[in-house]
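Starting off with a structure, shown below.
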Amino acid sequence: HRQQHTLDETVQSAIAQRFVLGKVTNARRYLERKGVTIQSDSPLSTAPQRIQTAETLNELRGIEGEAARQYFECYDETLIDGWSMEGRSRRPPGDGVNSLLSLTYSFIQNECEAALQAVNLDPYIGIFHQMRHGRPALSLDILEEFRRAFADPFVARLINRQALTREAFTEENHLSDSAFDRYVAKFDAYMSEELSHDRLKRRLTRRETIR
């Protein structure tokens, strides 16, 4: 905890670059895996080089924001016909896709916070996200990489496999009670699935991967 509080700006900047680079890399991998074409001169394609030369956190945030906007313009292409999103919207969600994304980000943020506490890191001492009272900034930092690696593919899976249909949503684009229970069961099963971890050379669940 003392180290978290006393990191100098150079170290913080290097760590923040890794968070954003991970997010952008996972975004490109996911879209490419789904057969989505990304132009070589687009913000998402040029982001890795720009991230590594960024000198301030605000510059990093700008690069991340541009890449995220392009990513969400492409995300519809990973979904079956009949499902789309008009840009990213949160409170209130503008459609069912945005509703599922926000819900899943919240669930995975909770997973990140639990993992941080398990390894004795303070989830409230962030690097990329600004620290505010009551805001688990480091959990949000860790979440960045897993938005594209875990959350967005899970939402696409729910939609494309028709585990949730249009009838699952209220007029305000929130899940009905029964649909929410179904969502929670699907999410828990998803996080418990094992994957091959390239760096550790063994199989881990998604929960273990976050930790």
Side-chain angles (χ1 to χ4, degrees), residues 4 7-79 85 87-90 97-98 101-102 104-105 108-109 111-113 115-116 119 121 123 125-131 136-157 190 195-202 204 206-211:
Q4 281 185 262
L7 288 177
D8 64 40
E9 290 186 6
T10 301
V11 176
Q12 287 190 42
S13 179
I15 296 173
Q17 285 178 336
R18 294 289 295 273
F19 288 144
V20 180
L21 184 60
K23 181 179 185 178
V24 169
T25 300
N26 287 335
R28 292 180 61 191
R29 283 177 179 167
Y30 176 63
L31 292 177
E32 289 169 357
R33 192 167 69 244
K34 291 295 183 178
V36 178
T37 301
I38 305 170
Q39 300 300 321
S40 60
D41 59 349
S42 68
L44 197 54
S45 294
T46 61
Q49 292 75 30
R50 297 167 62 204
I51 287 167
Q52 295 179 65
T53 58
E55 296 182 353
T56 67
L57 288 179
N58 281 337
E59 188 178 351
L60 267 181
R61 293 181 184 115
I63 296 168
E64 183 275 330
E66 290 176 5
R69 280 190 290 275
Q70 188 198 359
Y71 170 83
F72 282 120
E73 290 173 1
C74 299
Y75 185 67
D76 280 1
E77 298 182 49
T78 72
L79 307 176
M85 57 187 293
R88 183 77 179 103
S89 57
R90 297 169 180 81
V97 178
N98 270 292
L101 288 171
S102 293
T104 306
Y105 294 157
I108 294 185
Q109 181 192 327
E111 298 280 350
C112 292
E113 186 167 350
L116 287 166
V119 297
L121 287 170
I125 307 300
I127 296 173
F128 180 62
H129 286 83
Q130 295 179 335
M131 289 182 285
L138 188 58
S139 301
L140 293 169
D141 288 348
I142 300 296
L143 169 65
E144 290 300 327
E145 294 193 51
F146 293 107
R147 289 179 189 268
R148 308 296 180 248
F150 291 172
D152 300 352
F154 175 65
V155 169
R157 177 191 289 194
Y190 179 76
L195 307 171
S196 295
H197 195 292
D198 291 342
R199 183 176 298 173
L200 299 181
K201 306 300 181 185
R202 61 189 177 92
L204 299 173
R206 288 185 174 87
R207 283 195 176 92
E208 291 168 336
T209 300
I210 290 176
R211 180 167 173 172

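Below, all heavy atoms of this structure are taken into account, side chains as well, without hydrogens, waters or symmetry copies.
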Shortest non-hydrogen contact from Val155 to Val97? CG1-O, 4.5 Å

Please tell me if the side chains of Asp152 and Asn26 come closer than 4.5 Å, counting only heavy atoms from C-beta onward. no

Heavy-atom nearest pair, Phe19 first then Ile142, reads CE2-CD1, 3.8 Å

Should Arg206 and Ile108 count as side-chain neighbours, where that means a heavy-atom distance under 4.5 Å? no

Residues pairing under salt bridge (Lys or Arg N to Asp or Glu O under 4.0 Å) where one sits in residues 58-70, two or more places apart or in two chains, turn out to be Lys23-Glu64, Arg50-Glu66

Using only atom types and a distance under 3.5 Å, with no angle test, would you say the side chain of Ser102 pairs donor to acceptor with the backbone of Asn98? yes

Check whether Tyr190 forms a cation-pi arrangement with Arg157 (NZ or CZ under 6.0 Å from the six-membered ring centre, at most 45° off the ring normal). no

To the nearest 0.5 angstrom, please state how far the CD atom of Glu55 sits from the CD atom of Glu9. 12.5 Å

Indicate yes or no: at least one non-hydrogen side-chain atom of Leu7 is less than 4.5 angstrom from one of Ile125. no

Are the side chains of Gln17 and Leu60 in touch, meaning some heavy atoms are under 4.5 Å apart? yes

Check for a donor-acceptor pair, side chain of Glu145 on one end and backbone N or O of Gly22 on the other, with a separation under 3.5 Å. no

Looking at CD1 of Ile51 and OG1 of Thr46, how far apart are the two atoms once the value is rounded to the nearest 0.5 Å? 9.0 Å

Compare every heavy atom of Ile210 with every heavy atom of Ala115, then report the nearest pair and how far apart it is. CB-CG2, 3.9 Å

Quick one: closest heavy-atom pair of Arg148 and Tyr105, and the distance? NH1-OH, 3.2 Å

Taking the six-membered ring for Trp, are Tyr71 and Tyr75 parallel (under 30°), tilted (30 to 60°) or perpendicular (over 60°)? tilted

CD (Glu77) and CG (Leu31) are apart, to the nearest 0.5 Å, by 8.0 Å

Taking every heavy atom of Ser139 against every heavy atom of Cys112, the minimum-distance pair comes out as O-CB, 3.8 Å

Identify the heavy atoms of Ala137 and Gln130 that sit nearest to each other, and give their distance. CB-O, 3.9 Å

Which value, rounded to the nearest 0.5 Å, describes the distance between Arg199 atom CZ and Thr209 atom OG1? 11.5 Å

Checking Gln109 side chain against Leu140 main chain: does a donor-acceptor pair fall under 3.5 Å? no

Taking the side chain as every heavy atom from C-beta outward, state whether Ile63 and Val24 have any atom pair closer than 4.5 Å. no

What is the distance from atom SG of Cys74 to atom CD of Gln39, rounded to the nearest 0.5 Å? 9.5 Å

Say whether, by atom type as modelled, one donor and one acceptor occur between the side chain of Asp141 and the main chain of Ile127 under 3.5 angstrom. yes

One should read off an interatomic distance between Glu111 CD and Leu143 CG, to the nearest 0.5 angstrom, of 11.0 Å

Heavy-atom count around Gln49 CD within 6.0 Å, excluding the residue itself: above 12? yes

